[in-house]
There are 2 protein chains.
Amino acid sequence: MATPDPARPGFALPLLLLAGFRTLIDDLHAELAREGHPELRPLHGFVLQAVGVDGTTATELGQRLGISKQAAGKTVDRLVAVGYLERVDDPTDARRRLVRVTARGADGLRRSAEIFDRLRAQWVDTLGPERVTAMEDDLGTMASANWFRLDVPGWFGG
Amino acid sequence: MATPDPARPGFALPLLLLAGFRTLIDDLHAELAREGHPELRPLHGFVLQAVGVDGTTATELGQRLGISKQAAGKTVDRLVAVGYLERVDDPTDARRRLVRVTARGADGLRRSAEIFDRLRAQWVDTLGPERVTAMEDDLGTMASANWFRLDVPGWFGG
DNA sequence: ACTATTTCGTCAACCACGTTGACTATCTTA
DNA sequence: TAAGATAGTCAACGTGGTTGACGAAATAGT
């Protein structure tokens with residue numbers, strides 16, 4: 001695995017994709033920690049993004065992330081505990097508890113986007129703009145069916 | 001996120017890499033389940049590969065995977081329970097318990113390699129051989145530092 | 001208007017995977 | 001031979017996931 005067998009080329013591709021993803025995510029969170037967001041974990045960015053500016057409920061968040069409402073609720077609990085999300089009562093429906101991004105959450109989200117832009121720029125510097133856009137196009141072609149499925153830990157156990 | 005903001009191009013790249021990885025891993029395990037290995041989870045392939053044909057110990061496995069010896073030991077427990085690994089005493093060192101891939105484990109590993117080859121061939125059919133090798137080359141360039149770090153759940157929590 | 005159903009959130013129990021700390025047994029070294 | 005390093009395990013805990021059950025509140029049907 002470490003040195004892929006040339007007779008077994010297929011094995012390198014998933015490893016390379018994972019390594020590329022990890023590189024970006026690790027760099028993102030190292031920089032986020034430097035910029036005042038050390039508690040932000042890789043999953044949190046996806047969750048904040050899925051909550052969105054309009055807010056949601058735990059049940060709908062679960063649907064967006066492809067996980068159960070209970071799992072979504074627990075994840076919201078953790079984000080609330082570190083100050084990135086807040087829960088407010090829905091005045092029009094006493095069953096619902098609206099989940100909203102706090103100012104701190106919005107700051108983390110904005111910085112994440114900026115850092116990702118800078119990281120992509122590094123890839124462009126190294127590989128050239130054509131190769132990066134080609135990679136994005138090709139991955140989009142191959143992975144379009146999985147675009148929305150973000151139940152990331154789900155495919156690694158559980 | 002679902003429709004990446006063109007003004008924030010950086011955000012699409014990690015999502016695409018993740019989606020590509022997931023696509024391959026999901027397809028792999030769907031096919032493995034069809035071929036008689038439904039218990040094999042995404043992590044298991046990495047572990048089997050890291051054990052290798054010569055076997056290892058839990059401690060060394062942990063070092064190879066970038067996780068603690070305790071975590072490696074627990075993962076070995078699970079793989080032993082489903083028949084993919086076995087533990088044998090080391091005749092030269094009573095402290096050590098050699099971890100070896102069983103015949104069933106070797107079968108899963110062999111099938112995984114074959115399936116990955118077929119999946120890569122699908123990518124070649126869709127994208128053309130040049131684009132696939134370009135993607136592999138470029139990812140290898142960008143991600144070379146992370147090649148060995150497979151403590152996958154580690155970057156998602158814990 | 002009243003019942004029946006659906007929906008939302010939560011609790012509880014459980015599983016997979018990771019962590020650190022402590023401990024025993026064994027091997028190695030001074 | 002005593003001292004130190006190493007292998008494996010146990011325990012407690014954290015994160016992230018699952019299913020099942022349940023009460024409270026909204027909605028639908030008669």
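Below, read A as the first sequence line, B as the second, and so on, with proteins coming before strands; counting in each chain starts at 1.
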Here the distance between atom C1' of C:dG18 and atom CG of B:L43, to the nearest Å, is 11 Å
Please report the interatomic distance CE(A:M135) to CG(A:L127), rounded to the nearest 0.5 Å. 5.5 Å
Donor-acceptor pair, side chain of A:D89 and main chain of A:P91, under 3.5 angstrom: no
Of B:A72 and A:T59, whose closest DNA chain C nucleotide lies nearer the 5' terminus? A:T59
Within this structure, what is the CG-to-P distance between A:L40 and D:dT15, rounded to whole angstrom? 14 Å
Do A:T126 side-chain atoms and A:W123 backbone N/O form a donor-acceptor pair below 3.5 Å? no
Taking atom CZ of A:R104 as the centre, report whether more than 12 heavy atoms of other residues, nucleotides or ligands fall under 6.0 Å from it. yes
In whole angstroms, the gap separating P of C:dG9 from CG of A:L85 amounts to 14 Å
Without decimals, in angstroms, what is the distance between A:D90 CG and C:dT7 P? 17 Å
What about B:K74, does its side chain sit under 3.5 Å from the base of C:dT19 through a donor-acceptor pair? yes
Between B:S68 and C:dG18, is there a contact of a side-chain N or O with OP1 or OP2 at under 4.0 Å? no
Return the value, rounded to whole Å, for the distance between atom CZ of B:R97 and atom P of D:dC10. 11 Å
Rounded to the nearest Å, what distance is computed from the CD1 atom of residue B:I67 to the P atom of nucleotide C:dT19? 6 Å
I want to verify a distance call: between C:dG9, D:dA24, D:dG16, whose nearest atom is closest to the A:R95 side chain? D:dA24
Among C:dC27, D:dT9, D:dT19, find the nucleotide with the atom closest to the side chain of B:Q70. D:dT9
5'-most contact on DNA chain C (nearest-nucleotide basis), B:K69 vs A:D77, goes to A:D77
Please determine if a side-chain N or O atom of A:R78 lies less than 4.0 Å away from the OP1 or OP2 oxygen of D:dG16. yes
By the 4.0 Å heavy-atom rule, please label B:A71 as base, sugar-phosphate, or nothing. base
Grab the CZ-P distance between B:F46 and C:dC17 for me, whole Å please. 12 Å
Counting just side-chain N and O atoms, does A:R87 come under 4.0 Å of either OP1 or OP2 of C:dT10? yes
Do the side chain of A:H29 and the main chain of A:D26 share a donor and acceptor less than 3.5 angstrom apart? no
Among D:dG17, C:dG18, C:dC8, which nucleotide sits nearest the side chain of A:R96? C:dC8
In this structure, how many angstroms lie between the C1' atom of C:dA16 and the OH atom of B:Y84, rounded? 17 Å
Assign each of B:E60 and A:P91 to its nearest nucleotide of DNA chain D by heavy atoms, then name whichever residue's nucleotide is nearer the 5' end. B:E60
